[in-house]
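Chain identifiers are assigned alphabetically (A, B, ...) following the order of the sequence lines, protein sequences preceding nucleic acid strands; residue numbering begins at 1 within each chain.
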Amino acid sequence: MSSEQITLTFPDGAKKEFPKNSTGLEVAESISKGLARNALSITLGNVIMDLDQPIDRDGKISINTWDTEDGQYTFWHSSAHLLAEAIQELYPDAKFGIGPPIENGFYYDIDFGDQSIGKDHLEKIENKMIELARNKSEFKRRVVTKEEALAHYRKIGNEYKVDLIKDLDDSVITFYEQGSFTDLCRGPHIPDTSGIKAVKLTKLAGAYWRGDVNSKQLTRIYGISFPKQKMLEEYLVQVEEAQKRDHKKLGKELGIYMMDAMVGPGLPLWLPNGTVLRRTLESFLREEQVRRGYQEVITPHIANLELYKTSGHYPYYKDSQFNPMEVDDDEYMLKPMNCPHHHRIYSNNLKSYRDLPVRLAEFGTVYRYEQSGELNGMSRVRGFTQDDAHIYCTHDQLKDEIKAVIDLTQFVFKTFGMPVDIRLSFRDDNNEKYGGDLEYWERAQQEINEVADEMNLEYKIVEGEASFYGPKIDFIIRDAIGRKWQLGTVQVDYVMPERFDLTYVGSDNEKHRPVIIHRAPFGSMERFVSILIEHFAGDFPVWLAPTQCKILSISEDYNSYAEKCADKLRDHNIRVSVDGRSEQIGAKIRDAEKSKTPYMLIVGEKEVSDESVSVRRHKKGDIGTFSFTDFLNTITEEVDQLKLPENSE
RNA sequence: GCCAGUGUAGCUCAGGGGUAGAGCAGCGGUUUUGUAAACCGCCGGUCGUCGGUUCAAAUCCGGCCACUGGCUCCA
């Protein structure tokens, strides 16, 4: 009666008392039977727990169902164990590594010994998983001592788990057991396997143990699971939709770029449509930069190796650069970055503090030897163009310059309707990864942090993500279907000014070191275009579309009117083409729709007689007849204002 | 680079030991058309590449190349 009570606070703020050591399930039951039935785990404070674990303290509690991130995490974590159980049944000699839940599902790393696992095996494993799930095996939690845990895995000869246990601190080590499978695991898990109704093993990969290239490569099996078959089907449809946006597919269909084995892997060729797209993006940024006080420069594609030895890039990135070539008695290299060239331009003449900040911009093409397995369409290539710029400024100007650069970057992504998350990438304790004095680093990191706060930015700090010469501000954008991409970066650099002996004469008539800001909002034009294609699913805003308008004549009799309209549009810099083929209008419309041309103008007898055009909008259909002049005004306004398509964010 | 896959006409794909097939595209005709595919005909491939097995290889086996999904890496 007088047993101790604990107070739990629910997500809606309600507080309720429960007897100490009540379980999550009991708490859920006290709210509703339905909730108890759907509950997968609970989150107490920031710890996720099993439903049957006793709750021994006050705290914020939430009951995790499938509809919550923590619930799905629990569900997929348990699914990983189910995968392992199935594999243990089918391949008794398999040794298990780690099997965590991930953003979309789960994976398990497994040592299959000499056996190679192919796609054919996956179906067998899937079926076994479903069979085992139906056994309704409970996930049983068991606390063990470190010695017990080690003894268990030494006995069954699993060196991976032994390796893991050795690194655990001595607090609480737990095993989870379901059916015939026992696993070292922190938990939590769903009550039993019967909730897992649908399973799909999606990918097969080699994965190095603990991510170390020198360790053994295990077989990683990726999968996803759901509490209902229908959810799996919906998920597969979603995956299919995402594949329809794939820039490799659309890039080919829309004539954006091509790859050619004779040219070489990772070296994209920009086709005419892609070139229009890219040049339009470049002009957009170039004009914005001119407005913001940048000066454009052009530098060559190769340089003497000495340049990169001076910058310090050469030893750091030797393996990911094309081999140097011998020229006369010197060694030259394809340029892997633009910065050193710009530093030399800065040094071309003596700078006064009155000259600063100097902002040098270049759409600079660089070449990096990416590993063959890493190449991917346009998003990972060996030759690409950065929208690079370097800002040389005084310490006093630094914060304002960072602000201006952040402002530019935010402006750019807003133009494409892409929400941005900001990450401050700082160094960690691994001194070997970084160059320059620790003192400079700390200063730069502090300044970045101050700027972010002064601008009221929402950000998170991630240690260990800095570049070798300085901390970064990374912009992580989300595309139209919610995927995240790391794009623009802003980097503060105190190292290169030293290495290149960059100076300016201050008001005190003494020489001082400038600070450098490296920045690239798009990052790489190739990668950005690949992301844009997928973001817009190829349905570009009018200002970006390679062909903005197609004029379709009802019959050849109206071709001359079509041409006349086209000429007038061209006079206003609209990219227009005429389809005057001897085809039926339905066929012309179909072709224009398939090419994702934003505006189609249908012209026939009516339009010729009253100087009008019948306007059709891509994906929307017929939007009515307008006078030619009205249409001209509409489209030019849409281009000038860089309007986004209505269906995008 | 490593693991698992894929490679047949410009594109999408079928065929699966007895020397290739469709649709679309292209080209030539006919048609002159009102909001997502008119009709007829023609052209088009040493089946990624090199080698092996075989009387015979697009098909089976192996090396290489390219591509895809991961791992590692990413100035």
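- Look at CE on A/M258: it is 15 Å from P on B/A66, rounded to the nearest Å.
- Using a 4.0 Å heavy-atom cutoff across all strands shown, A/Y222 reaches sugar-phosphate atoms only and no base atom.
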N/O contacts under 3.5 Å, protein versus nucleotides 28-31 of chain B?
residue : atom : partner : partner atom : Å
B/U31   : N3   : A/S582  : OG           : 2.8
B/U31   : O4   : A/S582  : OG           : 2.4

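- For the C1' atoms, the distance from B/A14 to B/C50 is 27 Å, rounded to whole Å.
- At a threshold of 4.0 angstrom between heavy atoms, the contacts of A/E607 include nucleobase atoms, whether or not backbone atoms are also involved.
- Salt-bridge annotation for A/D591 and A/R581: present, with a side-chain N of the basic residue lying under 4.0 Å from a carboxylate O of the acidic one.
- Distances from the side chain of A/Q321 to the nucleotides B/A75, B/U68, B/C67 place B/A75 closest.
- In this pair, A/Y367 and A/H301 present their aromatic rings tilted. The plane angle is within the 30 to 60° band.
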Contact list (N/O, under 3.5 angstrom) for nucleotides 4-8 of chain B vs protein:
residue : atom : partner : partner atom : Å
B/A4    : OP1  : A/S116  : OG           : 2.8

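- Nucleic acid contact class of A/I602 (heavy atoms, under 4.0 Å, all strands): base.
- Under a 4.0 Å N-O distance rule, the pair A/K472/A/D474 qualifies as a salt bridge.
- With respect to A/R513 and A/D501, a salt bridge is recorded, a charged nitrogen being found less than 4.0 Å from a carboxylate O.
- For the pair A/I110 CD1 and B/G70 P, the computed distance is 18 Å after rounding to whole Å.
- A salt bridge is absent between A/K244 and A/E253; no separation between the charged side-chain nitrogens and carboxylate oxygens falls under 4.0 Å.
- With hydrogens and angles ignored, no donor-acceptor pair under 3.5 angstrom links the side chain of A/R368 to the base of B/C73.
- In this structure, A/I102 atom CD1 and B/C71 atom C1' are separated by 13 Å, rounded to whole Å.
- The distance between the ring centers of A/Y346 and A/F500 does not fall below 6.0 angstrom.
- For A/W441, the ring-ring contact (aromatic ring centres under 6.0 Å, His included) criterion is met by A/Y434, not counting sequence neighbours.
- For the segment residues 236-256 of chain A, the set of residues with a heavy atom within less than 4.0 Å of an atom of RNA chain B comprises A/K248, A/K252, in numerical order.
- For the pair A/R617 and A/Y599, the cation-pi criterion (under 6.0 Å, within 45° of the ring axis) is fulfilled.
- Between the side-chain ring of A/F468 and the base of B/A75, no stacking contact exists by the 5.5 Å and 30° definition.
- Side-chain atoms of A/D387 come within 3.5 Å of backbone N or O of A/G523 as a donor-acceptor pair.
- Residue A/Y208 places a side-chain atom within donor-acceptor reach of the base of B/G1, judged by atom type and a 3.5 Å distance cut-off alone.
- Proximity note for A/P265 (side chain, C-beta onward) versus B/G69, B/C67, B/A75: the nearest is B/C67.
- Under 3.5 Å, the side chain of A/S320 and the base of B/A75 form at least one donor-acceptor pair of N or O atoms.
- When the C1' atom is compared between B/C43 and B/A9, the two are found 11 Å apart, to the nearest whole Å.
- Put simply, CZ on A/R380 is 14 Å from P on B/G1, counting in whole angstrom units.
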remark   = Applying the Watson-Crick and G-U criteria (both distances under 3.5 angstrom) with [ ] for crossing and | for other-strand pairs, one obtains for RNA chain B (((((((..((((....[..)))).(((((.......))))).....(((((..]....))))))))))))....
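- Pairs of residues two or more places apart, or lying in two chains, that qualify as side chain to side chain donor-acceptor pair (under 3.5 Å) and include a residue from residues 95-104 of chain A are A/K95-A/E159.
- Put simply, CD on A/Q371 is 14 Å from P on B/A75, counting in whole angstrom units.
- Screening A/H313, A/Q491, A/R499 against A/Y469 for a side-chain hydrogen bond (donor to acceptor under 3.5 Å, both in side chains) leaves a single residue, A/Q491.
- Among the protein residues, A/L375 comes within range of the sugar-phosphate backbone only, with heavy atoms under 4.0 Å from sugar or phosphate atoms but none that close to a base.
- For the P atoms, the distance from B/G62 to B/U6 is 13 Å, rounded to whole Å.
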